[in-house]
Number of protein chains: 4
Amino acid sequence: MSTSKRQQILDAALLLFVEQGLEGAATAKIAKAAGVATGTLFHHFANKQELISALYLEIKRELADSLPPLQPEQEIQALATAIWNKALGWGLAHPEKIRFLLAYYQSPLLSAEARKTVKFETLGVVLELLQMGQQQGLIGDYPDDLMLEICHSLFMTSAAYFIDHPQLAGDERQQRAALTMFWNALATTGNQL
Amino acid sequence: MSTSKRQQILDAALLLFVEQGLEGAATAKIAKAAGVATGTLFHHFANKQELISALYLEIKRELADSLPPLQPEQEIQALATAIWNKALGWGLAHPEKIRFLLAYYQSPLLSAEARKTVKFETLGVVLELLQMGQQQGLIGDYPDDLMLEICHSLFMTSAAYFIDHPQLAGDERQQRAALTMFWNALATTGNQL
Amino acid sequence: MSTSKRQQILDAALLLFVEQGLEGAATAKIAKAAGVATGTLFHHFANKQELISALYLEIKRELADSLPPLQPEQEIQALATAIWNKALGWGLAHPEKIRFLLAYYQSPLLSAEARKTVKFETLGVVLELLQMGQQQGLIGDYPDDLMLEICHSLFMTSAAYFIDHPQLAGDERQQRAALTMFWNALATTGNQL
Amino acid sequence: MSTSKRQQILDAALLLFVEQGLEGAATAKIAKAAGVATGTLFHHFANKQELISALYLEIKRELADSLPPLQPEQEIQALATAIWNKALGWGLAHPEKIRFLLAYYQSPLLSAEARKTVKFETLGVVLELLQMGQQQGLIGDYPDDLMLEICHSLFMTSAAYFIDHPQLAGDERQQRAALTMFWNALATTGNQL
DNA sequence: AATGAATGAGAATTCATTCAT
DNA sequence: CATGAATGAATTCTCATTCAT
């Protein structure tokens with residue numbers, strides 16, 4: 001029961017945060033939407049900030065878990081493609097979660113700690129992949145941090161694009177375009193300026 | 001006097017929004033910081049949303065104005081480089097403005113209308129450039145909308161990166177890396193997947 | 001020009017007061033509706049209360065002026081009928097004015113002074129009539145003040161009734177019913193309890 | 001506890017509304033006078049309008065409950081007299097309630113719904129009585145709605161009159177005058193115009 | 001006389017959080 | 001664990017009125 005109520009609250013919170021904003025979604029509304037009493041919310045989460053951070057972490061963990069394990073025998077490009085497709089697939093299956101990440105990654109209400117944890121948890125695999133690629137000369141010799149930020153934002157932007165234009169999500173050409181831009185941004189085969 | 005008070009309010013609002021968040025910055029605080037009465041804020045902006053949107057538009061307009069005019073006789077790559085550098089230069093000179101754009105592009109407090117206007121106003125030049133590039137076979141044959149979204153996010157991400165790590169802003173290698181990834185993402189010279 | 005602006009303000013105020021209430025109609029809205037500047041309203045009326053009282057007085061004076069003069073040679077009942085019909089006719093021709101009187105006769109925003117002045121100004125003729133009628137034994141021997149209050153409220157109620165049901169205003173039977181109840185309430189021919 | 005706080009709020013609201021007007025009585029003042037926190041007022045009433053309407057309904061219900069049941073074996077005139085006296089007695093015992101009804105029946109702050117409910121609830125008995133009287137030929141053949149409006153306003157006016165002149169409330173002659181005018185207005189024994 | 005920007009006290013309402021049951 | 005009434009500080013916005021032009 002307890003776990004279920006906790007989860008009901010997280011589910012309701014996600015929807016309300018996306019629809020009405022972090023501050024527009026009052027704890028009382030969330031509790032009501034979750035079908036629990038106001039006080040119950042504060043049994044499971046010390047305060048609203050903790051609810052937000054818990055939700056953020058849950059989502060990022062879910063995204064990380066949806067990615068395929070890194071199989072070192074595969075080619076870098078194939079691995080990158082697989083990760084990209086899995087991630088995008090997960091995003092299209094959970095549009096509210098993408099919207100939530102997009103909208104609140106920058107928010108002052110998300111604790112700096114949660115932001116950090118999140119970045120390395122999800123992007124850990126990606127970083128490994130990029131470093132392998134650099135050793136093989138396939139990925140450009142760019143600073144790690146910058147590459148990670150750019151991976152993150154290219155993914156989020158593409159996911160948001162397909163969520164905003166659902167009719168394009170099945171369009172092979174558009175999907176390939178997004179993946180190509182992502183790969184080319186990182187790969188060494190591009191121009192060196 | 002009137003224009004000056006309006007501007008004082010916009011200036012104060014920018015700072016407070018970036019420091020304390022859109023909802024953390026109460027209208028009363030903004031007015032006080034601007035050195036005007038609360039009522040004055042509402043004399044110039046019908047409500048907080050309008051203040052936010054007005055600020056958003058002003059900043060985007062400023063960014064658009066900082067870009068060099070499109071000189072068709074120049075090479076695409078040179079033009080793109082020039083635009084990128086000017087834009088990034090403007091961003092580093094106005095870090096709060098970049099932060100504001102970044103943090104609130106997704107906010108439900110930014111009116112959908114403002115978001116629209118903004119996209120076409122700033123990115124107009126960029127779109128022209130990309131289309132010229134496509135005609136010359138230098139820019140990949142990707143959908144306009146997707147390319148624009150990706151330009152937008154690559155620029156914002158890079159700007160935020162250099163703002164967050166000010167010591168890197170003068171680092172030639174890092175600067176080149178950002179520009180290279182941007183150009184390769186769009187150019188045809190990359191891999192075709 | 002000056003008189004005209006004053007009148008424009010009174011006209012706009014009447015409409016807004018009736019539509020939005022005495023406090024719902026802000027002076028700024030009234031000024032705007034009247035096509036004058038905010039400050040202008042305060043040139044003509046020292047403050048909002050004075051505007052309200054002035055409007056109240058103007059309307060009551062208009063109503064009083066619409067009544068026929070008392071011709072002593074006529075029968076009481078004919079005189080009463082004539083006054084009732086004139087008054088009701090005026091009311092139906094100026095429904096907003098009736099509504100205004102109805103809604104704000106009780107308001108704490110109407111100065112007690114204005115209320116008093118008004119009562120004696122309009123009802124002066126009626127009082128004379130009633131006293132003549134009492135001397136002739138046609139009007140019941142009731143206290144003056146009570147009779148006046150009841151005349152006032154029967155008239156206002158009837159006027160409001162026909163304004164609320166405009167399709168009944170032309171119905172001879174309904175009109176006669178209202179007048180009959182009014183006359184019987186006051187006349188001696190009724191039952192003595 | 002909960003019911004008691006709700007009632008404390010209604011009680012305080014009645015007094016303040018009558019003393020200071022509907023808009024003069026701020027919700028904060030009401031809460032303070034009721035000895036509860038501001039938030040508590042809004043816990044029980046969604047907004048000020050609902051508080052006003054709830055108060056209005058409560059009072060009218062109280063008035064309706066104070067009236068004697070209709071005993072069909074009695075004479076119409078005796079029944080009418082009994083109802084009138086009971087109603088007036090209730091009114092004199094609760095002058096603030098009469099003032100409240102009188103002052104705000106027309107207010108745009110009273111929801112149209114509350115106004116409707118109220119009219120049929122209190123006046124239901126009166127309507128029955130009038131219709132019985134008409135069948136017996138004792139009450140004039142007037143339209144129901146008009147009769148009800150007039151009953152309502154004659155009662156309110158009389159009650160207000162005695163409240164405004166407390167020294168007259170015990171005066172037998174004045175009391176009889178009011179009742180007589182009320183009865184004659186409705187009865188068939190008066191003149192037919 | 002007329003204007004309308006500026007004022008700032010005050011209004012209604014919200015909301016995270018607590019706590020007695 | 002769960003409840004939901006109660007809290008009161010904080011927020012957005014309104015509005016009568018003033019005054020320099």
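Each chain gets a letter, A, B and so on, in the order the sequences are listed, and its residues count up from 1. The model shown is predicted, which means the values in this text are computed figures rather than measured ones.
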- Message: Output the rounded distance in Å from CD (D:Glu50) to P (E:dT13).
- Response: 10 Å

- Task: Give the ring-plane orientation class for A:Tyr105 versus A:His152, where under 30° counts as parallel, over 60° as perpendicular and anything between as tilted.
- Result: tilted

- Would you call A:Arg6-A:Asp11 a salt bridge at under 4.0 Å N-O? no

- Message: Output the rounded distance in Å from CD (D:Gln20) to P (E:dA11).
- Response: 10 Å

- dist B:Ile163:CD1 -> B:His94:NE2 (nearest 0.5 Å) comes out at 10.5 Å

- Message: As a quick check of understanding, evaluate side-chain hydrogen bond (donor to acceptor under 3.5 Å, both in side chains) for D:Ser53 and D:Gln49, giving each step before the final call.
- Response: CA-CA 6 Å; D:Ser53 294; D:Gln49 268 227 33; 4.8 Å; no

- Task: Let me know the distance between CD1 of C:Ile30 and P of F:dT14, rounded to the nearest Å.
- Result: 16 Å

- Query: Between B:Glu62 and B:Ser66, is any side-chain donor less than 3.5 angstrom from a side-chain acceptor?
  - Reply: no

- B:Lys48 side chain to B:Leu22 backbone, donor-acceptor under 3.5 Å: yes

- Whole-Å distance, B:Gln7 CD to E:dA6 P, equals 13 Å

- Could you go through the side-chain contact (heavy atoms from CB on, under 4.5 Å) check for A:Tyr56 and A:Leu101 one step at a time? CA-CA 7 Å; A:Tyr56 206 94; A:Leu101 296 178; 3.8 Å; yes

- Message: As a check on the pairing definition, encode DNA chain F in dot-bracket form, counting Watson-Crick and G-U wobble pairs whose two distances are under 3.5 Å, and using | for partners outside this strand.
- Response: .||||||||||||||||||||

- What one-letter contact string describes nucleotides 14-21 of chain E from 5' to 3', where B marks a base within less than 4.0 Å of any protein heavy atom, S marks contact via sugar-phosphate atoms alone, and - marks no contact? BSBBB---

- Query: Are C:Asp65 and C:Lys60 ion-paired here, with the side-chain N under 4.0 Å from a carboxylate O?
  - Reply: no

- Query: CD1 of B:Ile9 versus C1' of E:dA6: gap in Å, rounded?
  - Reply: 10 Å

- Message: With a 4.0 Å cutoff (strictly under), does any side-chain N or O of A:His44 reach OP1 or OP2 of F:dC1?
- Response: no

- Between atom CG in B:Leu41 and atom P in F:dC13, what is the gap in whole Å? 9 Å

- Got C:Ile52 and C:Phe45 here, is their nearest side-chain heavy-atom distance under 4.5 Å? no

- Message: I need the CZ-C1' distance between D:Phe45 and F:dA6, as an integer number of Å.
- Response: 15 Å

- Task: To the nearest Å, give me how far apart NZ (C:Lys5) and P (E:dA2) are.
- Result: 6 Å

